[in-house]
Chemist: 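What follows is a single structure, and I will ask about it in a moment.
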2 protein chains.
Amino acid sequence: MNDEPRWLTAEEQLVWRSYIEAATLLEDHLDRQLQRDAGMPHVYYGLLVKLAESPRRRLRMTELAKYAKITRSRLSHAVARLEKNGWVRREDCPSDKRGQFAILTDEGYEVLRRTAPGHVNAVRQAVFDRLTPEQQKSLGEIMRIVAEGLQPSEAGADLPWLR
Amino acid sequence: MNDEPRWLTAEEQLVWRSYIEAATLLEDHLDRQLQRDAGMPHVYYGLLVKLAESPRRRLRMTELAKYAKITRSRLSHAVARLEKNGWVRREDCPSDKRGQFAILTDEGYEVLRRTAPGHVNAVRQAVFDRLTPEQQKSLGEIMRIVAEGLQPSEAGADLPWLR
DNA sequence: ACGTAGAGATTGAGAGTTCAAGTATTGGAG
DNA sequence: CTCCAATACTTGAACTCTCAATCTCTACGT
């Protein structure tokens, strides 16, 4: 056992600071853009997108939460809000009485159709237009690795000491 | 003028999704870690760090907000909370009666000293330990570029059409 | 069948964030 | 010197997120 913490090197610190700054500024920027143009924060927009991509434009709450990487609680509140806007509606799951579907309404789809171009544009301007193809590829790989490391233990991947 | 939006290609979409997922999971993870071990969210922790690094452990509110990439309003609320914890105190600026200094207290410094190792460890585990040196370097460059593009127009960098 | 651990989802309270509006002070222009 | 636009910071309300508690329903061992 070694109690001495492994501090970040000077280079690592610079990398970490850049990451924090960019992530903060970017999320802020997109939140504002979407709040202004679509009347909702970035996360909520992401929820509508996931629904739009799903068969019959619907998803079980837990599934949606999993895809969006947010807690069920957070999702419940979010869907309640989106429901008030008329962009999502809920429906009971026939096969499991505990279950709920979140369903994208036509109105919700319309909002997406109207605001997607502006959002894509914002993302392009902030990220893709500034990076070389190699950097884009690299970013993808890096973030995929980080994301995988943080997934709440997937099937079979957990409890490895019990094998 | 071309009205047709430049949608993201399939590859770009994958990169973007990976980014969003990793950023969401990571911020969540660090928020929980710090909330548990230090009793404050990640952003607040960052504020204490900036203060600790500053001469006489103090910074004007606006400066601190700028370094942390958050709004002055958000900072006001945050410092109010940290002040209640006894980790930060405010002091009037002698040269500008409108100004306020945020100052890290000894108690605040102590919290940092006690919790920094655990936090560094969390960051290592989630990010640096999973990336090759090349990937780390690449991540730094990429995020620096993105951050620069989003800085609220720096001195001389704005209004380029007037040059 | 029956009981119960666990899954699916919601709720409410407290904490944090945003946005717009407010107060106080400063630095010039005239 | 006077005025006033701009700067520094705060405030309150509305909104969002977290955490723990709750409720219903399912699955399954006995």
Chemist: Can you see if the side chain of A/R60 gets near the phosphate of C/dG8 - specifically, an N or O under 4.0 Å from OP1 or OP2?
Modeler: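 It does not, given that no N or O in the side chain of A/R60 lies less than 4.0 Å from OP1 or OP2 of C/dG8.
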Chemist: C/dG16 P sits how many Å from B/H42 NE2, rounded?
Modeler: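 Answer to the nearest Å: 15 Å.
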Chemist: Write down the distance between CD (A/E27) and C1' (C/dT18), rounded to a whole number of angstrom.
Modeler: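 Rounded to the whole Å, the gap is 14 Å.
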Chemist: Between A/S95 and B/D28, which residue's closest nucleotide on DNA chain D lies nearer the 5′ terminus?
Modeler: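 The residue mapped nearer the 5' terminus is B/D28.
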Chemist: Nearest of C/dT25, D/dC17, D/dT10 to any side-chain atom of B/D96?
Modeler: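 Closest of the options to the side chain of B/D96: C/dT25.
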Chemist: Is a donor-acceptor pair below 3.5 Å formed from side chain A/R98 to base C/dA7, judging by atom type as modelled?
Modeler: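 Answer yes: a donor N or O sits under 3.5 Å from an acceptor.
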Chemist: Parallel, tilted or perpendicular: which one describes the rings of B/Y19 and B/W16, with boundaries at 30° and 60°?
Modeler: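 Ring orientation of B/Y19 relative to B/W16: parallel.
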Chemist: Calculate the interatomic distance between A/R81 atom CZ and D/dA14 atom C1'; express it in whole Å.
Modeler: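 After rounding, the reported distance stands at 11 Å.
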Chemist: For A/L82 and D/dT16, give me the distance from atom CG to atom C1', rounded to whole Å.
Modeler: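 About 12 Å, once rounded to whole Å.
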Chemist: Taking the minimum atom-to-atom distance to the side chain of B/Q100, which one of C/dA24, C/dT10, D/dC9 wins?
Modeler: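 Looking only at side-chain atoms, B/Q100 lies closest to D/dC9.
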Chemist: Which nucleotide sits closest to the side chain of A/H77: C/dT11, C/dT18, C/dG16?
Modeler: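 For A/H77, the side-chain atoms sit closest to C/dT11.
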Chemist: Rounded to the nearest angstrom, tell me the gap between atom CE in B/M40 and atom P in C/dT17.
Modeler: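 The answer, rounded to whole Å, is 13 Å.
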Chemist: Can you tell me which nucleotide in C/dT10, C/dG8, D/dT16 comes closest to the side chain of A/R90?
Modeler: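 For A/R90, the side-chain atoms sit closest to C/dT10.
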Chemist: Could you work out which one of C/dT17, D/dT18, C/dG16 sits closest to the side chain of B/R32?
Modeler: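 Shortest atom-to-atom distance from the side chain points to D/dT18.
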Chemist: From D/dC9, C/dT10, D/dT16, pick the nucleotide closest to the side chain of B/S76?
Modeler: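 The closest nucleotide is D/dC9.
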Chemist: Rounding to a whole Å, what distance do you find between A/N85:CG and D/dC15:C1'?
Modeler: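 Distance check: A/N85 CG to D/dC15 C1' gives 12 Å.
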Chemist: In whole angstroms, how far is the C1' atom of C/dC19 from the CG atom of B/L75?
Modeler: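 Rounded to whole Å, this separation is 16 Å.
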Chemist: Tell me if the side-chain of B/S73 makes a donor-acceptor pair with the base of D/dT11, cut-off 3.5 Å, by modelled atom types.
Modeler: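 Indeed, a donor on one side and an acceptor on the other fall under 3.5 Å apart.
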Chemist: With a 4.5 Å heavy-atom cut-off, do B/R114 and B/D37 have their side chains touching?
Modeler: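 With C-beta onward as the side chain, the pair stays apart.
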Chemist: May I have the distance from B/R36 (atom CZ) to D/dT18 (atom P), rounded to whole angstrom?
Modeler: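 Value for this atom pair: 16 Å.
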Chemist: So do the side chains of A/Q136 and B/E11 get within less than 4.5 Å of each other, counting heavy atoms only?
Modeler: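 With C-beta onward as the side chain, the pair stays apart.
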Chemist: Is B/T115 reaching over with its side chain to a backbone N or O of B/V111, donor-acceptor style, under 3.5 angstrom?
Modeler: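 Yes, because the side chain of B/T115 sits within donor-acceptor range (under 3.5 Å) of the backbone of B/V111.
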Chemist: Please tell me which of B/K97 and A/Q35 maps to the more 5' nucleotide of DNA chain C, matching each residue to the nucleotide holding its nearest heavy atom.
Modeler: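 Its nearest nucleotide being more 5', the pick is A/Q35.
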Chemist: Considering only D/dT18, D/dT16, D/dT10, which nucleotide approaches the side chain of B/R72 most closely?
Modeler: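 Of the candidates, D/dT10 comes closest.
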Chemist: Which is true for B/F101 with a 4.0 Å heavy-atom rule: it touches a base, it touches only sugar-phosphate, or it touches nothing?
Modeler: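 No contact.
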Chemist: Table please: side-chain donor-acceptor pairs of residues 67-80 of chain B below 3.5 Å, with sequence neighbours left out.
Modeler:
unit_1: B/K69; atom_1: NZ; unit_2: B/Q151; atom_2: OE1; d: 3.2
unit_1: B/T71; atom_1: OG1; unit_2: B/R74; atom_2: N; d: 3.1

Chemist: Determine yes or no for a side-chain-to-main-chain donor-acceptor pair under 3.5 angstrom, with B/D31 supplying the side chain and B/P41 the backbone.
Modeler: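 Looks like no, no N/O pair under 3.5 Å.
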Chemist: Hey, does B/D92 reach any base, or is it just sugar-phosphate, or nothing, if we go heavy atoms under 4.0 Å?
Modeler: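 Contact class for B/D92: none.
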Chemist: Ignoring backbone atoms, test whether A/R74 places a side-chain nitrogen or oxygen under 4.0 Å from the OP1 or OP2 oxygen of C/dT10.
Modeler: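 So the side chain of A/R74 is outside the cut-off, no N or O lying under 4.0 Å from OP1 or OP2 of C/dT10.
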Chemist: How would you label the contact of A/D31 with the nucleic acid (heavy atoms, under 4.0 Å): base, sugar-phosphate, or nothing?
Modeler: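 It contacts nothing in the nucleic acid.
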